Student: 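Pasting in a structure now, in structure tokens, and then I'll have a few things to ask.
Note that ligands are numbered from 1 as they come in the structure, with each ligand's atoms numbered from 1 the same way. Starting from 1, each residue takes its place in the sequence as its number. Note that the coordinates shown come from a computational prediction; the quantities given were computed from them, not determined experimentally.
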Amino acid sequence: MDYQFKDIEQKWQQFWAEHKTFKAENTSNKPKYYVLDMFPYPSGAGLHVGHPLGYIASDIFARYKRLKGFNVLHPMGYDSFGLPAEQYAIQTGQHPSVTTEANIATYRRQLDQIGFSFDWDREVRTSSPDYYKWTQWIFIQLFNSYYDKGADKAQSIANLVEHFESKGSAGINAVCDEEILSFTAHEWKAFSEQQQQAELLKYRLTYLRESTVNWCPALGTVLANDEVKDGFSERGGYPVEQKKMMQWSMRITAYAQRLLAGLNHIDWPEPLKEMQRNWIGKSVGASVRFPLEKVPPTGGDLEGASYIEVFTTRVDTVFGVSFLVIAPEHELVAELTTPEQKADIDAYITQTKKKSELDRMADTKTVSGAFTGSYVTNPLNGTQIPVWIADYVLAGYGTGAVMAVPSGDQRDFVFAKHFNLPIIPIIDIQNIEVEADPTKEGKYINSDFINGLGYKEASAAVVAKLDELGLGKAKVNFRMRDAIFGRQRYWGEPVPVYFKGGFPYLIDEQHLPLLLPEIDKYLPTESGEPPLGRATDWKHPEGEYELSTMPGWAGSSWYWYRYMDAHNDREFASREAIEYWKDVDLYIGGSEHATGHLLYSRFWNKFLKDIGKVVEEEPFKKLINQGMIQGRSNFVYRLIDDEGKGTNTFVSHGLIKEYKTSPLHVDVNIVENEVLNLNKFKTWREDFADAEFILENGKYICGVEVEKMSKSKFNVVNPDDLIARYGADTLRMYEMFLGPLEQSKPWNTNGIEGVFKFLRKFWRLFHDADWNFNVSNEAPTKAELKSLHKIIQKVEQDIERFSFNTSVSSFMIAVNELTDLKCNKRAILQELVITLAPYAPHICEELWVLLGNPAGSISTAAYPKFNPAYLVEEEFSYPVSFNGKMKTNVSLSLSMEVADIEAAILANADVQKYLDGKTPKKVIVVKGRIVNIVI
Ligand code: ANZ
């Protein structure tokens with residue numbers, strides 16, 4: 001029978017599902033291998049051809065690893081909480097769970113059609129209560145932990161309480177809020193319950209605090225920095241404002257150093273690691289305190305603070321400081337502002353409120369700022385230094401204050417020039433000479449103690465001096481901020497917390513999951529509370545539940561563990577399962593998650609390791625980012641009439657220079673090889689029903705452009721259509737054939753026919769001219785074995801280095817060679833079927849059975865063993881010339897070296913005959929090519 005892909009694919013997909021062919025066991029004598037895909041958010045649009053690219057690659061790898069004797073875990077699930085379903089609910093009133101359910105069904109159908117070897121028994125959905133129960137459980141563990149810097153790991157908050165009770169706050173070395181109390185054990189015990197809770201909250205790994213957030217009024221929620229682009233929400237493009245709110249946060253900064261260090265031990269793409277390094281942003285520098293001049297030149301006393309602390313990475317330039325700049329939000333601004341400067345400062349603050357932090361960082365051109373009227377003293381040489389505010393200094397970084405060194409820092413220089421501030425020349429730090437303020441005799445020092453030192457040594461010397469004075473110390477700073485952990489939306493995990501006396505308390509673990517309540521509308525309440533505020537009968541016996549829900553990244557920060565033991569209702573996964581599977585060996589997904597999901601997952605993993613629940617420090621050993629599949633848009637060209645109006649006539653692309661036209665996206669599905677199907681075009685849109693065409697060579701040729709794949713550009717190619725036409729095996733191979741996995745590339749359906757023909761040719765090898773299955777048991781020839789072993793070796797090497805596209809072309813060559821050799825030998829074809837099975841599993845399963853093997857067993861077959869002996873070209877027939885004229889051939893082993901070849905040729909009887917007793921003047925040997933004898 002001819003290649004009936006439809007029947008074959010349906011049959012095997014059904015077989016796999018019925019027999020649970022890809023079910024992974026949590027115990028095995030085989031080595032384990034865990035292949036993970038980034039699970040999808042099930043959107044309403046379904047999958048387009050770009051989505052399965054990574055899934056196909058990982059599936060090939062998973063199937064290959066099974067053939068290589070591994071116990072493979074290859075699961076799939078859905079990241080099913082999220083904004084789009086909720087937006088849809090707001091518009092239509094349909095419960096997000098209904099939308100989500102329907103979308104999941106579409107995804108499942110589409111995924112099944114592609115023939116993935118997922119173990120569906122392990123499916124997870126982050127929005128299902130038996131899953132989010134454990135997300136809430138992890139939240140509880142975080143709330144009950146703090147980070148002990150001494151032990152360099154998270155510890156139970158009970159240990160902290162114990163310490164407070166026995167020793168007070170002395171000797172605590174923990175990651176915490178900036179402002180913490182000092183107290184004795186006695187004082188601690190005397191604190192009220194609320195005071196104690198307030199203090200503990202400053203240490204918990206998840207905590208509430210007032211923070212400036214990206215508030216998006218249109219979406220009614222707070223967005224993470226990476227969800228905001230240029231002041232607008234990434235999803236929907238709505239304006240985003242800065243707003244202060246009480247928010248749940250995750251103390252990810254406690255893990256900054258470990259997150260950084262861990263990058264050196266994982267096999268991830270270098271650019272991705274670099275993005276995480278930059279995001280974490282470690283800076284080694286110093287903090288320096290500049291004492292406030294208590295009497296401002298304008299008179300009066302300053303009360304309260306006695307210094308401004310700055311963070312600098314160039315403490316060696318401290319003698320070049322000519323002014324200080326603090327962020328407009330700095331807590332000392334009000335105190336420092338003199339009455340004369342108040343109007344200026346107020347106006348400036350109003351102005352900066354309009355800008356987001358991102359805008360402020362991005363804007364390097366505008367110079368703006370205002371003088372507070374106050375001064376500080378340089379701690380080393382005693383000079384008087386004016387204090388300014390400017391928005392280039394960020395409140396949330398370092399100490400929110402900068403010592404400005406115009407001769408060392410470009411921004412400071414521009415600022416000094418603009419406001420006519422002094423510039424102290426310290427161009428060459430090795431030769432600076434800055435004198436101590438002569439009016440303040442005795443107390444201060446000159447710069448000569450760092451003269452001649454490099455910047456590192458000079459910095460160390462300055463830090464030592466400052467340390468002596470109690471006015472500075474070495475400091476490591478991280479750019480990364482604690483992560484906000486909440487949004488004012490409905491469709492997310494409820495936070496397992498209730499409030500009593502204004503303080504958060506955890507709900508009891510035994511009452512998990514805290515179910516998402518039903519509400520009448522998915523909108524904030526009239527009083528501006530999140531949608532959960534609408535829930536009636538939703539109250540903890542002791543207080544009100546938290547009304548915000550967890551952010552999108554909560555459920556995805558630990559899901560790979562749930563796959564290890566997806567139905568466990570006592571633990572998030574059993575100890576045995578975790579000890580067996582340990583971590584993900586190969587993770588494939590998009591690079592857009594670099595500083596979101598991939599950072600948060602590493603953070604939660606490290607935390608779970610600290611509390612002894614998982615065994616590996618890093619979750620994803622190897623990671624590959626698949627490239628983006630871009631759309632390939634087609635265009636038609638509407639003729640413009642003399643009045644500049646569009647007509648209903650369309651000009652073929654090759655002729656547009658001769659007319660006045662305007663381009664229009666046309667649905668790529670009615671274009672084949674750039675030729676527009678005119679009838680389909682006329683029915684595509686009503687207004688084209690009577691369209692006319694100016695053709696070239698009888699055809700309408702469309703224009704082409706590469707753009708993002710999107711509905712609005714009519715360039716979305718749906719895998720369903722291609723599968724219906726060519727089958728999943730063709731689609732799988734074609735997606736790989738498009739180019740290197742990690743590269744972005746435009747989708748182009750034009751080449752798919754070639755891959756389809758290849759599979760048909762492959763099928764043909766097993767059949768005679770009448771399509772009868774016909775395989776011989778004869779022994780294979782050397783040439784056939786060579787072809788086979790070439791492909792066995794090539795595919796193995798390719799898959800091991802994730803080069804899937806090159807395998808596809810090698811398969812084509814192999815099938816062509818075997819076709820030319822008219823090879824239908826079982827010994828060859830059986831091995832070839834196994835080699836191709838990871839790429840085109842359906843056709844291979846079918847042929848495997850036709851070859852007489854038990855159904856379904858191809859996934860447990862062994863990958864063929866490569867034998868290099870078959871690749872050796874043993875002999876070569878050297879053409880031997882005399883003075884350039886070819887006279888005879890001599891067959892010699894290809895392994896012979898030049899000297900041996902020469903000797904053997906000269907010893908040959910035929911050659912001796914031609915030499916006729918003469919001694920050759922010269923013998924030229926080109927190994928593997930020719931021999932020329934000059935006589
Ligand atoms: C004096 C100096 C002299 C600096 C010099 C640089 C060059 P990174 O590497 O990013 O950590 N800075 C400190 N806090 C700041 C804030 N909140 N907003 C804006 N800028 C801030 O950069 C640290 C440097 O950035 C610090 O070192 C400080 O300027 C500035 F020739 O101090 B430097």
Student: Would Thr313 count as a polar contact of ligand 1, with the cut-off being nitrogen or oxygen pairs under 3.5 Å?
Tutor: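 Yes.
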Student: Between Tyr255 and Tyr147, is the ring centre distance below 6.0 Å?
Tutor: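 Yes, the ring of Tyr255 comes within the 6.0 Å limit of the ring of Tyr147, centre to centre.
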Student: Enumerate the atoms of ligand 1 whose separation from the nearest heavy atom of Tyr392 is less than 4.0 angstrom.
Tutor: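 Listed by number with element, the hits are 18 (N), 19 (C).
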Student: Can we say Glu617 and Lys606 salt-bridge, meaning some charged N sits less than 4.0 Å from an Asp/Glu carboxylate O?
Tutor: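 Yes.
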Student: Quick one: look up the protein heavy atom nearest atom 10 (O) of ligand 1 and list residue, atom name and how far away it is.
Tutor: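 Nearest neighbour among protein heavy atoms for atom 10 (O) of ligand 1, to 0.1 Å: Arg479 NH2, 2.4 Å.
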Student: Of the protein's non-hydrogen atoms, which lies at the shortest distance from atom 21 (C) of ligand 1, and what is that distance?
Tutor: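 Of the protein heavy atoms, Val402 CG2, 3.3 Å lies nearest.
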Student: Do you know the tightest heavy-atom contact between Asp482 and Met250?
Tutor: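 Looks like CB-O, 3.3 Å.
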Student: With Leu324 as reference, evaluate Val402, Val393, Leu336, Ile385 under the side chain to side chain contact (heavy atoms under 4.5 Å, CB included) test and give the passing residue.
Tutor: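 Answer after filtering Val402, Val393, Leu336, Ile385: Ile385.
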Student: Is the shortest N/O to N/O distance between Asp409 and ligand 1 below 3.5 Å?
Tutor: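 Among all N and O atoms of Asp409, none is under 3.5 Å from an N or O of ligand 1.
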Student: Nearest protein heavy-atom contact for atom 18 (N) of ligand 1: which residue, which atom, what distance?
Tutor: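 For atom 18 (N) of ligand 1, the nearest protein heavy atom comes out as Leu394 N, 3.0 Å.
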Student: Among protein heavy atoms, which lies nearest atom 9 (O) of ligand 1, and at what distance?
Tutor: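 The protein heavy atom lying closest is Ser283 OG, 3.1 Å.
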Student: Where does the angle between the aromatic ring planes of Phe183 and Phe164 fall among parallel (under 30°), tilted (30 to 60°) and perpendicular (over 60°)?
Tutor: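 Ring orientation of Phe183 relative to Phe164: perpendicular.
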Student: Taking 4.0 angstrom as the limit and counting only heavy atoms of Arg314, give me the atoms of ligand 1 inside it, by number and element.
Tutor: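 Per the distance check, 2 (C), 3 (C), 5 (C), 7 (C).
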Student: Using distance alone, decide if ligand 1 has a nitrogen or oxygen within less than 3.5 Å of any nitrogen or oxygen in Thr317.
Tutor: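 In this structure, Thr317 places no N or O atom under 3.5 Å from an N or O of ligand 1.
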Student: Could you tell me whether atom 12 (N) of ligand 1 has at least one protein heavy atom nearer than 4.0 Å?
Tutor: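 So atom 12 (N) of ligand 1 has protein heavy-atom neighbours under 4.0 Å.
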Student: Under 4.0 Å from a heavy atom of Met403: which atoms of ligand 1 are those, numbered in the order shown and with their elements?
Tutor: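 Result: 1 (C), 32 (O).
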Student: If the threshold is 4.0 Å, N to carboxylate O, is there a salt bridge linking Glu270 and Arg277?
Tutor: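 Salt bridge present between Glu270 and Arg277.
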Student: When the aromatic ring centroids of Phe323 and Phe415 are compared, is their separation below 6.0 Å?
Tutor: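 Aromatic pair counts; centres sit under 6.0 Å.
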Student: Report, in ascending order of atom number, the atoms of ligand 1 lying under 4.0 Å from any heavy atom of Arg411.
Tutor: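 Near Arg411, meaning under 4.0 Å from one of its heavy atoms, ligand 1 has 19 (C), 20 (N).
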Student: Is the side chain of Ser407 donor-acceptor paired with the backbone N or O of Ile424 at a distance under 3.5 Å, no angle test?
Tutor: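 Flag set: sc Ser407 to bb Ile424 pair under 3.5 Å.
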Student: Hey, is ligand 1 close enough to Gly408 that some N/O pair sits below 3.5 Å?
Tutor: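 N/O-N/O distance under 3.5 Å: no.
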Student: Report the member of Asp316, Val393, Thr312 with the shortest heavy-atom distance to atom 1 (C) of ligand 1.
Tutor: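 Nearest heavy atom to atom 1 (C) of ligand 1 lies in Thr312.
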Student: Are Gln341 and Thr372 linked by a side-chain donor-acceptor pair shorter than 3.5 Å?
Tutor: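 No pair is found: no donor N or O on one side chain lies under 3.5 Å from an acceptor on the other.
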Student: Suppose we measure from atom 28 (C) of ligand 1 to each protein heavy atom; which comes out shortest, and what is that distance?
Tutor: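 Protein heavy atom at minimum distance: Phe311 O, 3.7 Å.
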Student: How close do Asn477 and Gly398 get, heavy atom to heavy atom, and via which atoms?
Tutor: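 Heavy atoms only, the tightest pair is ND2-CA, 3.1 Å.
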